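Each remark here refers to the structure printed beneath this line.
Atoms within each ligand, like the ligands themselves, are counted from 1 in listed order. Small disclaimer: the values here were computed from a predicted structure and weren't measured.
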Amino acid sequence: MLDKETQLAVEKGVMLPLMEEFYTIQGEGYHTGTAAYFIRIGGCDVGCHWCDVKESWNSELHPPTHSNIIVENAKKHAETVVVTGGEPLMWDMSNLTAKLKNEHLKVHIETSGAYAVTGQWDWFCLSPKKNKLPVDEAYNIANELKVIVFNKHDFIFAEEQAAKVNKEAILFLQPEWSKKEQMTPLIVDYVMKNPKWRVSLQTHKYLNIP
Ligand code: SF4
């Protein structure tokens, strides 16, 4: 149970349940291969059965951490920060992103888009999930749409999502890691037939880095 003051700071986004933070290489999507400092915020109620960060779901397991501390750590390491989760937009991201931008860091997000958009983002990676669809604003501002392909039905879902996202968004299909042997050849074939899509792979997992 958080004390009242901490609870209030979390509600305002001045403190956030920080699961982990680490400097690595962005493995997926448009910025694949580029160095970035990852800030993983705890808490997610979207409930994807194949989720590879289920430890993030319960925000109470992750200590409320002041945004000043997160920013101090980030700026030591990188020019680009990726805020991920969990589902970071369960929290008010305004305070954290204002402070990161104040330090002239580029601020990216990876989100399911299921919650109202808060914060200022230089790159908005929308990865919609069937269980809890994105809000309209997420479709409108997404720079990148990344659909995870777990089974064949996900190609239909991907097209439904592509029809909703703004026209400038770059479209990616990414095999879910445990299904990559089955799904990657289907994705390759699909992208060749439907070249508005690009293939995204979880290259950090092939590289054995976080
Ligand atoms: Fe996991 Fe992301 Fe799905 Fe949440 S939205 S359950 S963190 S894959």
Side-chain angles (χ1 to χ4, degrees), residues 10 13 16-22 24 26-32 36-65 70 81-93 96 107-119 121 123-139 141-151 153-158 160-162 164-165 169 171-180 182-184 187 199-206 209-210:
V10 170
L16 292 160
L18 181 66
M19 178 176 164
E20 56 179 349
E21 48 185 344
F22 48 93
T24 187
Q26 168 61 281
E28 314 175 357
Y30 186 77
H31 293 283
T32 294
Y37 193 75
F38 276 67
I39 298 170
R40 189 182 301 286
I41 307 293
C44 185
D45 64 358
V46 178
C48 308
H49 62 91
W50 43 259
C51 178
D52 59 359
V53 275
K54 289 191 170 128
E55 325 81 77
S56 71
W57 289 7
N58 182 358
S59 65
E60 289 176 11
L61 300 179
H62 307 294
T65 306
I70 301 175
V81 164
V82 178
V83 180
T84 187
E87 175 40 70
L89 291 179
M90 286 180 74
W91 314 98
D92 186 344
M93 286 288 139
L96 176 67
V107 190
H108 298 188
I109 185 169
E110 308 221 338
T111 174
S112 67
Y115 284 86
V117 177
T118 52
W121 304 103
W123 191 264
F124 194 95
C125 173
L126 175 63
S127 186
K129 305 297 182 322
K130 288 174 186 164
N131 301 1
K132 212 171 167 97
L133 290 172
V135 297
D136 287 346
E137 193 184 357
Y139 290 119
I141 67 168
N143 300 103
E144 168 181 5
L145 175 73
K146 185 173 69 188
V147 179
I148 310 305
V149 180
F150 180 81
N151 58 32
H153 181 267
D154 290 326
F155 290 105
I156 298 168
F157 177 66
E160 288 166 1
Q161 297 305 297
K164 289 186 178 175
V165 79
L171 308 180
F172 289 95
L173 294 171
Q174 177 174 297
E176 193 279 320
W177 184 250
S178 70
K179 288 291 186 88
K180 62 184 182 307
Q182 296 100 303
M183 290 302 139
T184 305
I187 292 174
V199 179
S200 171
L201 299 175
Q202 292 187 294
T203 57
H204 53 297
K205 294 192 180 178
Y206 289 99
I209 56 175

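- Heavy-atom contacts of Gly47 reach the following atoms of ligand 1: 6 (S) (cutoff under 4.0 Å).
- Atoms of ligand 1 lying under 4.0 Å from at least one heavy atom of Trp57, given by number and element, are 1 (Fe), 6 (S).
- By the 6.0 Å and 45° rule, Lys146 does not stack over the aromatic ring of Phe172.
- Contact detail for Ala142 and Val165: the closest heavy-atom pair is CB-CG2, 3.8 Å.
- For atom 4 (Fe) of ligand 1, the nearest protein heavy atom (residue, atom name, distance) is Cys44 SG, 2.3 Å.
- For the pair Val53 and Gly86, the tightest heavy-atom approach, listed with the atom from each and the gap, is CG2-N, 4.2 Å.
- Listed by atom number, the atoms of ligand 1 under 4.0 Å from Gly86 heavy atoms are 7 (S).
- For CZ of Phe157, the number of neighbouring non-hydrogen atoms (other residues, nucleotides, ligands) closer than 6.0 Å is greater than 12.
- Residue contacts to atom 1 (Fe) of ligand 1: Cys48 brings no N, O or S atom closer than 2.8 Å.
- Not a single N, O or S atom of Cys51, from either the backbone or the side chain, sits less than 2.8 Å from atom 4 (Fe) of ligand 1.
- In the displayed structure, Glu160 atom CD is contacted under 6.0 Å by more than 12 heavy atoms of other residues, nucleotides or ligands.
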